[in-house]
Amino acid sequence: MIEIRNLSKTFSSENGETEVLKNISLTVRDGEIYGIIGASGAGKSTLVRCLNMLERPTAGAVFIDGEDVGALRGAALRLARKKAAMIFQDFNLLMQRTCLKNVCLPLELSGVGRAEAKKRAAELLDRVGLADKADAYPARLSGGQRQRVAIARALACDPKILLCDEPTSALDPQTAKAILKLIRDINRSTGITVVMITHQMSAAEEICDRVAILDGGAVAEEGSVDEVFSRPRSAAAKKLVFPELSESGGESGTKGSLIRAVFHGASATDSPLIATLAMEKHIAVSILSASVRNIGDKVYGNMLLSVPDRESAEETLRYLRSVPDVSAEEVTDNV
Amino acid sequence: MFNLLAPGNLFSAEAWADAWEIVLSEFPAAIWDTLWVTFLSTLFAFVIGLPLGILLACGDRDGIIPLPRWLKALLGFLINILRSVPFTILMIVVLPLSRAIVGTTVGTTASVVPLVVAAFPFVARVVESSVREVNPNLVEAAESMGATPFQIVVKVLIPESVPSLISNVALTLTNVLGYTAMSGAIGGDGLGRIAYNYGYIRYQSPVLLLSVLLLILLVQVIQSLGSFLSARFDRRLKRPVGGRRKKRAAAGE
């Protein structure tokens, strides 16, 4: 378990002091995938570096399995770092080492014998699907392959925690998906706790169990992915979850009531929602914006609907709520 | 006064015949002496300069081996002083040091001492810049794996700067080679001494010319070899240089 308690970090420079993290308290449970989401400059990278003391917090503490990491120095700190491996946006592989030797690195650092390290590294490369690239240098790999090697390297010393600093931000969407799936698979099969920093909602939505939204160095919102993604409460979360909605701007002269319908895997074929509303309930619903995805025959995502008056709003809400796996709420602004 | 183009020097068949005899009798040993002194001095210069350069590169306050400010300033100051003394003067100044270390101030072995003293500060500076070129994110990654500062130096900083270090070895070799010619004036053996003794003292211009040509050739060879090896060991290149292409074809890639 990782407990972050009242953590603050201030950078001082000639231009004065910048408070990057403000009094952050979070708890990451064993075996879960925890997402820390925020726009760039929200302090995410600093926060994850405070977990293994690559950055020392100005105030507050980090406890990993009850141990105050900030109090550790020297060999004890290095040992703690070995239990919390890290992967990076830019992979950070040693370019002068082959993939196999890159995976061997943490083992060498821990004093594991050469032959044993190579054997373990080969197994790990196989695990991430790159057994055939063992003797290739990273320069000749694609971004996705490099991140796989980095993941194999991170797993070399059987860490209990995997810290991911924007692991998919340098990758194209398809490759990113594959890397996220790999992280999820590893999490499922080994029970490793994953803390993932990202600015991509899609990445968090894909694999996280719980997320925290970071805004301006403070936690704006925390909760399960379902909760945060279907009913974001804070402005920062709403902006991240419904970027296209906040961009559409203002009330833009809409009269009547606004309703947000959220689909958590509702069946797409059973009920033509909007058509039903129009034809059976005689409510002229207009779709202001929608962000939905079909996975199989299930629908995920949300829609912002506009209905002419309060009465029809009530009825629409009642109807939407009666549909399985759909929730709906009236919203007062456009996000 | 010495004049390279004086009649009876460069344009006399007799002078060239004499020169050819000197080439045959003295050049083989001179080339050997020159190369031996150059390589030995460069080796010692790296033995001293490599750790110093690493300390300079890693000794910043937020570096992996933070040094006290005064110590780092002192190191930089001493290196700058040694770097600014011209070699012809430096080799006289360190004569007592040569006597203390090798017991004599003349001969090939004795000339190694001033050469090392002249070259190690240069090596420290070029190593410093090589090490600073290494992507700092790699150092952070190694730290996140729980590497000690020593492990970071040995497993990350040095291996990752190998291509640049090889270039700098070649650079140092050519510099030292130039210095060996000067050390010929105070009794160091080698091509420099032949050029000085026969060419300058005895007005045998052809010998001087041939010595110089040979030195130029040596510099060219060292520099080309350095550039080739540097590229050969640069794994950051997508298309490997030399040697490996055949192996790749064999591996069916």
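To find a chain, count down the sequence lines: A is the first, B the second, and so on, and within it residues start at 1. The structure displayed is predicted, hence computed values, not measured ones. Worth knowing before you read on, the calculation uses all heavy atoms, side chains too, and leaves out hydrogens, waters and symmetry mates.
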Separation of B/L138 CG from A/R97 CZ (nearest 0.5 Å): 11.5 Å
CE on B/M145 to NZ on A/K82, rounded to 0.5 Å: 11.0 Å
Contacting moiety of A/L94, where chain B heavy atoms sit under 4.5 Å: both
Greater than 12 external heavy atoms within 6.0 Å of B/F44's CZ: no
Atom pair OG/CG of B/S144 and A/L51 - distance to nearest 0.5 Å: 12.0 Å
From CD (A/E55) to CD (B/E140), nearest 0.5 Å: 7.5 Å
A/F91 CZ to B/N137 CG distance, which is reported to the nearest 0.5 Å: 12.0 Å
Pairs of heavy atoms under 4.5 Å with chain B: top-ranked of A/M53, A/M86, A/E108: A/E108
Considering all heavy atoms, the nearest A/N92-B/A141 contact: CB-CB, 3.9 Å
Interface residues of residues 149-165 of chain B facing chain A - heavy atom cut-off under 4.5 Å: B/P149, B/Q151, B/K155, B/V156, B/P159, B/E160, B/P163
Side chain to side chain contact (heavy atoms under 4.5 Å, CB included) between B/R235 and A/M95, intermediate numbers included: CA-CA 6 Å; B/R235 315 301 195 183; A/M95 301 305 276; 5.7 Å; no
Neighbour count >12 (heavy atoms, 6.0 Å) for atom CD, A/E123: yes
Region of A/A80 in contact with chain B, defined by heavy-atom distances below 4.5 Å: neither
Structural part of A/L93 lying under 4.5 Å from a heavy atom of chain B: backbone
Closest approach of B/A147 to A/L109 (non-hydrogen atoms, all atoms of both residues): CB-CD1, 3.7 Å
Toward chain A: residues of residues 48-83 of chain B with heavy atoms under 4.5 Å: none
